[in-house]
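A short worksheet on the structure shown next.
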Amino acid sequence: MLLPRLMLAVSFPAIVTLFTLTACSSEEPLDQPEWMDARTALTEMENGELSSEALVTYYLNKIAQDNQQGHGLAAIIDINQDALAQARMMDAERAADNVRSALHGMPVVLKANIATADDMPTTAGALALQGHLTQRDAEVVAQLRAAGAVILAKANLSEWANFRGENSISGWSALGGQTLNPHLLTHTPCGSSAGSAVAVAADMTLLAVGTETDGSIMCPSAINGIVGIKPTRGSVSGEGIIPIASAQDIAGPMARNVFDAALLLDAMLTPAARSRLGRPLLYAVDQMPELEKVILVRAFDEREPAYTPVFEQLTEMFESRGVEVVQLDTWQPPQEMGVAEFEVLIYEFRRDLESWLQDFGVNEDVNSFAELVAFNSARGEEALGAFGQEYLEQAAAIDPDADRASYEQALASSRELAEALLNEYLQAQGADAIIMPSYSKAWSIDPDSGDDFGFGTSGPAAISGYPSITVPAAFNGVLPLGVSVVGLPWSEATLLGLAAEIERELDAYQAPQFISTAP
């Protein structure tokens with residue numbers, strides 16, 4: 001346990017030294033960084049027993065082994081040909097005592113809807129954008145590079161961030177094919193940040209960036225048995241990321257444990273968010289926050305019995321520490337919230353995506369919704385696969401001027417309803433956090449009928465812009481389940497400390513078994 005007084009006295013460049021002191025390192029250098037976590041990597045790098053080049057080489061070999069070959073996970077859509085050169089540069093800087101941040105030399109995979117000024121196309125997985133290279137980095141990518149991260153590759157995703165059409169198939173894109181769940185290869189990785197989650201879960205990278213509009217970080221993280229963070233709205237820049245809707249879009253970190261996710265999030269925050277949050281979020285991970293009350297949502301115990309012992313264990317943990325626990329047997333967001341949300345997403349999709357396509361120099365024959373729809377229709381199954389493009393068509397039919405008033409009403413309504421649901425507990429009842437199941441277990445991949453969601457709880461936090469974190473909690477057979485912690489805006493430090501404590505208490509993380517047929 002780190003002492004708060006010590007941490008307050010430490011400047012950001014010294015974080016590397018501070019956190020390597022708390023890590024458990026072996027006496028001998030590791031031959032291979034297999035299933036390594038960031039805390040161990042920091043220690044090994046500080047001690048000169050591990051290089052960024054060795055880390056990047058390991059992950060490139062793992063991608064070559066299992067992405068298209070081996071288990072055929074299809075998690076990665078493009079490799080950064082400069083990754084090894086970047087790693088060697090970071091090693092040279094470290095040797096010269098120039099360590100940029102705690103992220104220095106760490107490999108990061110980006111979702112393929114995030115612009116990069118390199119040889120990796122930015123496509124959202126769509127055939128219409130095949131080979132499209134951007135001339136500048138997204139703002140969050142520029143921040144990661146400045147922090148010393150090595151951009152390893154781009155991850156496959158549900159095409160257009162899973163907002164192309166009805167009966168979509170999570171983890172499928174025309175350019176990347178079908179991403180598989182490494183725990184059970186016949187089952188979904190969930191979407192839309194499917195490739196980012198699977199790359200982390202399958203040890204193809206140490207860290208990954210996903211994006212979420214509603215559930216696209218939380219669901220794949222939970223279903224693939226890793227940690228995902230959806231930060232407070234506006235805390236991470238969306239500039240340069242292919243959008244659905246700026247009202248809800250946000251990028252966030254995905255990793256195998258809370259420390260690693262916090263490490264990445266620290267580097268992703270905007271300067272304004274970093275100032276508002278105060279000290280780096282890594283400081284929060286090794287401290288259980290002082291809590292007075294938590295809400296435990298038990299509404300899904302019957303639908304997923306594997307959650308029952310999880311919440312009983314958490315209840316015992318909190319009560320033993322003097323924390324008041326309120327159990328909720330019902331959790332039902334209002335139906336009209338979802339209806340209003342969809343209207344917002346369709347309107348802003350039309351407004352925001354066309355702006356991105358034109359700002360980032362997409363060819364004129366596919367830089368509007370009408371042209372995208374026409375392109376896909378002309379290319380048929382090659383572009384569309386097994387489902388349609390209804391959302392593209394609906395966005396194309398939007399009249400931004402005529403539909404603005406209805407959209408603005410829907411935006412206000414959706415946020416009001418989402419905030420009211422969460423604030424009933426976080427404000428009116430003074431709870432420090434709401435803890436609930438993240439999603440039901442993964443379902444079989446079925447191109448004929450599309451996704452078969454059991455249940456998910458990401459909506460209210462996504463719509464309201466409140467932060468949420470999912471951590472591994474249990475298994476249903478070989479399939480992971482996660483629990484989410486949700487708090488008020490800018491409560492990331494509290495949520496990270498709480499998530500880390502839940503992670504330690506449940507100790508539920510397991511590496512995937514890559515089972516090819518249902519047991």
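Being a predicted model, the structure only gives us computed values, none of them experimental. Nothing fancy with the numbering, it's 1 onward along the sequence.
A salt bridge does not link Lys293 with Asp432: every distance from a Lys NZ or Arg NE/NH1/NH2 to an Asp or Glu carboxylate oxygen is 4.0 Å or more. For Asp260 and Arg39, the salt-bridge test fails: no basic side-chain N is under 4.0 Å from an acidic carboxylate O. The residues Asp118 and Lys154 are annotated as not salt-bridged, no charged nitrogen and carboxylate oxygen being separated by less than 4.0 angstrom.
Within the structure, side-chain hydrogen bond (donor to acceptor under 3.5 Å, both in side chains) contacts touching residues 220-233 (residues at least two apart or in different chains) are Thr232-Glu492. Applying the side-chain hydrogen bond (donor to acceptor under 3.5 Å, both in side chains) test to pairs two or more places apart or on separate chains, those with a residue in residues 210-220 are Lys111-Thr211, Asn113-Thr211, Ser192-Ser216, Thr213-Asp249, Asp214-Ser458. Residues in residues 75-89 take part in these side-chain hydrogen bond (donor to acceptor under 3.5 Å, both in side chains) pairs, two or more places apart or across chains: Glu53-Arg88.
Between Phe163 atom CZ and Ile244 atom CD1 the span is 6.0 Å, to the nearest 0.5 Å.
When only modelled atom types and interatomic distance are considered, Asp451 and Ser170 share a side-chain donor-acceptor pair under 3.5 Å. A donor and an acceptor atom, one from each side chain of Asp137 and Thr116, are nowhere located under 3.5 Å apart.
Partners of Thr315 under the side chain to side chain donor-acceptor pair (under 3.5 Å) rule, at least two apart in sequence or in another chain, are Gln327. Every side chain to side chain contact (heavy atoms under 4.5 Å, CB included) that Asn61 has, sequence neighbours left out, goes to Thr57. Taking Glu312 as the reference, Arg298, Thr308 meet the side chain to side chain contact (heavy atoms under 4.5 Å, CB included) condition, with sequence neighbours excluded.
The only option from Val209, Leu110, Ile114 that meets the side chain to side chain contact (heavy atoms under 4.5 Å, CB included) definition with Ile151 turns out to be Leu110.
Centroid-to-centroid, the aromatic rings of Trp443 and Phe453 come within less than 6.0 Å. Checked against the 6.0 Å centroid criterion, the rings of Tyr307 and Phe300 do not qualify as a close aromatic pair.
Using modelled atom types, one side-chain atom of Ser320 and one backbone atom of Glu316 make a donor-acceptor pair closer than 3.5 Å. Side-chain atoms of Gln313 come within 3.5 Å of backbone N or O of Glu505 as a donor-acceptor pair.
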